[in-house]
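The next block holds one structure in the form of C-alpha cells; read it before the comments.
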Amino acid sequence: MVTNVTMPSAAGDQSGEAPLVKATDLHRSYGATVAVDGVSFELRRGEILGFLGPNGAGKSTTLKILTGTIAADSGSALISGINIEESPLEARKRFGYLPESLPFYWEMSVGDYLRFIGKARGLGGDHLRRRVDEVIDLLGLGRMRWRTTGALSKGFRQRVGLAQALIHDPEILILDEPTNGLDPQQIIEVRALIQNLANTRAIIFSTHILQEIAEICTRIMVIHSGKLVADAKPGELSGETSDGWEVVISGADISGTDWRRLSLEKAGSIRGGEHLLTYRGSGTPDITAIEAAARETSATLLEVRRPRKTLESAYLELTGMAAKGRGGGR
Ligand code: ADP
C-alpha cells in the first residue's frame, strides 16, 4: 500500500551538503503503545517538509526525539551532524523548536521571555537585543512586547512560540503544528513566514491540515501508526494515476448507446451535458470505436484520460482511512 515512496529524500541531494537532520531507525514506545516504529529520513537545506498524519500517528513523538525532549528507545537523531542524545546543548544551538505546548513563564513580558530564551541559547549583549527586536518585528509582536505571556490570546502565544524558536537564527526549524490556534489571516502570515525562512534553512513542521501541505511544502512525509508510509513531493502523491482510464463524453443524453460493449461503465455526470465513464477493459480504450459509439447518440468524445487522485484521497489511502471516512482528525 506504500505509494510513491522516494527515500531517503524526495528533494535529492544536489548540493552535496550533508543533511541538516538525519533520523535513523527511530523507535519509541510508551508502555505497550508503539508511538514511533522505525522512522528514518534526511532533511536538507531549502526543504520544507510537511509531516502529516492522523491524531496519535506519532508526529509529536518523532519531533520530541529529534529535539532531545525525550529519548528514543533505539535509533539515532543527528542535528547538523551532532547526535542530539550525546551532545544536546551543542545540537540545540542549531535548531529552533516550537513544541506542541510551550512552557511559558506566565508573569514574564513577551520581551523579557524572548530575552530569557535568547540567553539560554547563548546570545548576549547587543546581539541579543537586536535579535529580540528582529523576531518581535518579524512576528508582528510589537504591540504585545510589554504584555505578560499569560495575558496573550492563543494566536499571539503561538507567534511568541515561533519567535522563541527563531531567536538564535537557527538553520533548522522543527515546528509542531505551527498554525494551530491561529486565525485565517495569521495562518496566511505564518505560512508566508515559513516559506521565506526556508531559503537558507531546513524546516520540518507537523500538521493535520492537508491544504497547508499542498500550499507550502516541498516535500511530504506521512506517518501512520508510528511508521512512515510516504515520503514524496506533493505532486507525486496527488495528480494522475497510472491505474485504468476514464472517458468523458459530451451529449444531452447518452443512454441510447450500449457502452458496456466497449467495456465502459457510466460513472456519473460531471457537469451539464458531460458524462464520465470508467474503462473496465484491459489495455487502452479503443478511441475510434468510442467516437463512433458517441456519434450514434449525437454525443462527442471529449477526453480519454488517466484518473486523477487528489492529495486528500492519497492521504486517506495511505493512512487506511478511506473506508472509515475522515476519522482521526482533530
Ligand atoms: P501525534 O502527534 O501524531 O498526534 P503522538 O506522537 O502524540 O501522535 O502520539 C503517538 C502515540 O503515542 C499515541 O498513541 C499517543 O497516545 C501515545 N503517546 C504520546 N505521548 C504519550 C505519553 N506521554 N504517554 C503515553 N502515551 C503517549
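Numbers here simply count residues along the sequence, with the first being 1. All ligand and atom numbering here is 1-based and tracks the order in the structure.
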Query - Heavy-atom donor-acceptor pair, S29 side chain to A32 backbone, under 3.5 Å - result: no
Report summary line: If we number the atoms of ligand 1 from 1 as shown, the ones under 4.0 Å from a heavy atom of K59 are 1 (P), 2 (O), 3 (O), 4 (O), 6 (O), 8 (O)
Report summary line: Looking only at non-hydrogen atoms, the one of V34, T61, I65 nearest atom 6 (O) of ligand 1 is T61
Query raised in the report: Hey, is ligand 1 close enough to S60 that some N/O pair sits below 3.5 Å?
Result: yes
Query raised in the report: Which is it for P54 and ligand 1 at heavy atoms under 4.0 Å: side chain, backbone, both or neither?
Result: backbone
Requested in this report: Answer yes or no for R28 and Y30: cation-pi contact, defined as NZ/CZ to six-membered ring centre under 6.0 Å and angle to ring axis within 45°.
Outcome: yes
**Report entry** G58 heavy atom under 4.0 Å from ligand 1
**Finding:** yes
Requested in this report: Go through ligand 1 atom by atom and flag the ones less than 4.0 Å from a non-hydrogen atom of A57.
Outcome: 1 (P), 3 (O), 8 (O)
**Report entry** Per-atom contacts, ligand 1 versus N55 - under 4.0 Å to a heavy atom
**Finding:** 4 (O)
Query raised in the report: Is it the case that more than 12 heavy atoms not belonging to E107 sit under 6.0 Å from its CD atom?
Result: no
Query - For A35, the ligand 1 atoms whose distance to one of its heavy atoms is below 4.0 Å - result: 10 (C), 11 (C), 12 (O)
Query - Under 3.5 Å donor-acceptor, Q158 side chain and P178 backbone - result: yes
**Report entry** Mode of T33 contact toward ligand 1 - side chain, backbone, both, neither (heavy atoms, under 4.0 Å)
**Finding:** side chain
Query - Residues R121, E90: salt bridge by 4.0 Å N-O rule - result: no
Query raised in the report: Are K59 and D176 within salt-bridge range, i.e. N to O under 4.0 Å?
Result: no
Query raised in the report: So, S206 side chain and G50 main chain: donor-acceptor pair closer than 3.5 Å or not?
Result: no
